[in-house]
Amino acid sequence: QVQLVESGGGFVQVGGSLILSCAASGRTFSNYGMGWFRQAPGKEREFVALISWSGGSTFYTDSVKGRFTISRDNAKKLVYLQMNSLKFEDTAVYFCAADRNYRRPVISSSSSSYYWGQGTQVTVSS
């Protein structure tokens with residue numbers, strides 16, 4: 001079973017930046033797609049950014065395109081989410097996600113496709 005531990009959340013002002021990190025263990029990291037989802041109070045969990053097992057493909061929800069960047073370091077078994085130009089509406093608990101399927105050929109944005117970390121809170125304030 002994969003274990004995921006997020007770090008890097010916190011408080012940030014509107015327009016500021018944060019970088020989230022996720023350490024994965026329990027299986028061969030480089031064979032699985034990774035992602036970040038978020039859940040705001042009263043809302044459903046939504047995907048934010050996804051990266052394929054090879055790192056060659058990335059996928060972003062429209063609201064973060066141009067502001068967020070997902071990346072991975074297979075040697076360190078880490079996945080990152082660089083968040084720039086943060087907005088109030090980015091406030092949420094952010095969850096690291098690890099694909100359940102080995103080398104999935106097409107990135108999935110369905111939450112049911114992933115294992116989850118515990119989440120880290122990101123709060124954007126004025």
Side-chain angles (χ1 to χ4, degrees):
Q1 183 77 332
V2 63
Q3 291 82 45
L4 303 170
V5 179
E6 301 99 336
S7 61
F11 291 87
V12 63
Q13 290 186 325
V14 170
S17 298
L18 274 179
I19 182 164
L20 304 182
S21 300
C22 172
S25 61
R27 62 183 189 181
T28 304
F29 180 78
S30 59
N31 286 327
Y32 296 87
M34 298 293 295
W36 290 93
F37 285 66
R38 67 186 178 187
Q39 188 166 18
K43 295 187 177 181
E44 293 188 353
R45 191 172 299 189
E46 63 170 353
F47 97 90
V48 176
L50 306 167
I51 188 166
S52 62
W53 63 270
S54 67
S57 297
T58 56
F59 188 41
Y60 298 90
T61 193
D62 286 346
S63 63
V64 308
K65 286 180 181 177
R67 300 189 297 122
F68 290 12
T69 302
I70 188 171
S71 60
R72 64 189 297 159
D73 185 332
N74 286 343
K76 296 181 179 179
K77 300 183 180 181
L78 293 170
V79 61
Y80 304 99
L81 184 67
Q82 174 71 51
M83 305 186 291
N84 298 327
S85 301
L86 283 159
K87 303 177 180 180
F88 289 121
E89 52 264 41
D90 295 318
T91 295
V93 177
Y94 283 71
F95 297 89
C96 179
D99 199 330
R100 295 176 181 267
N101 284 17
Y102 174 88
R103 296 194 177 186
R104 188 188 298 271
V106 178
I107 295 176
S108 171
S109 61
S110 171
S111 60
S112 64
S113 299
Y114 294 89
Y115 297 110
W116 304 100
Q118 293 298 307
T120 184
Q121 176 70 46
V122 172
T123 303
V124 184
S125 61
S126 58

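Just so you know, residue 1 is the first one in the sequence shown, and it goes up from there.
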I need the minimum non-hydrogen distance between M34 and I70, along with the two atoms involved. O-CD1, 4.1 Å
State, to 0.1 Å, how close R38 and S63 come at their nearest heavy-atom pair, and which atoms those are.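 In this case the closest contact between R38 and S63 is NH2-OG, 3.3 Å.
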Do the side-chain N and O atoms of N84 and S17 include a donor-acceptor pair separated by under 3.5 angstrom? yes
Pairing donors with acceptors under 3.5 angstrom, does anything connect the side chains of S110 and S108?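 Per modelled atom types, S110 and S108 side chains form no pair under 3.5 Å.
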Hey, what do you get for [atom1] ([X]) to [atom2] ([Y]), rounding to the nearest 0.5 Å?
X   : Y    : atom1 : atom2 : value
L50 : Y60  : CG    : OH    : 9.5 Å
F59 : K65  : CZ    : NZ    : 6.5 Å
F88 : S125 : CZ    : OG    : 7.0 Å
Y94 : C22  : OH    : SG    : 15.0 Å
L86 : T123 : CG    : OG1   : 11.0 Å
L18 : T120 : CG    : OG1   : 9.0 Å

So, is the end of the R100 side chain (NZ or CZ) under 6.0 Å from the ring centre of Y115 and within 45° of the ring's axis? yes
Tell me, do [X] and [Y] make a side-chain contact under 4.5 Å, heavy atoms counted?
X   : Y    : answer
S30 : W53  : no
T61 : F68  : no
L20 : M83  : yes
F47 : Y114 : no
L4  : F95  : no

Could you check whether the rings of Y102 and Y32 sit parallel, tilted or perpendicular, using 30° and 60° as the cut-offs?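 Y102 vs Y32 ring planes: perpendicular.
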Taking [X] for the side chain and [Y] for the main chain, is one N or O donor matched with an acceptor at less than 3.5 Å?
X   : Y    : value
T91 : V124 : yes
Q82 : T69  : no
E6  : Q118 : yes
Q3  : Q1   : yes
R67 : S85  : yes

Looking at K87 and D90, does any basic side-chain N land under 4.0 Å from a carboxylate oxygen?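 Not counted as a salt bridge, because no side-chain N and carboxylate O are separated by less than 4.0 Å.
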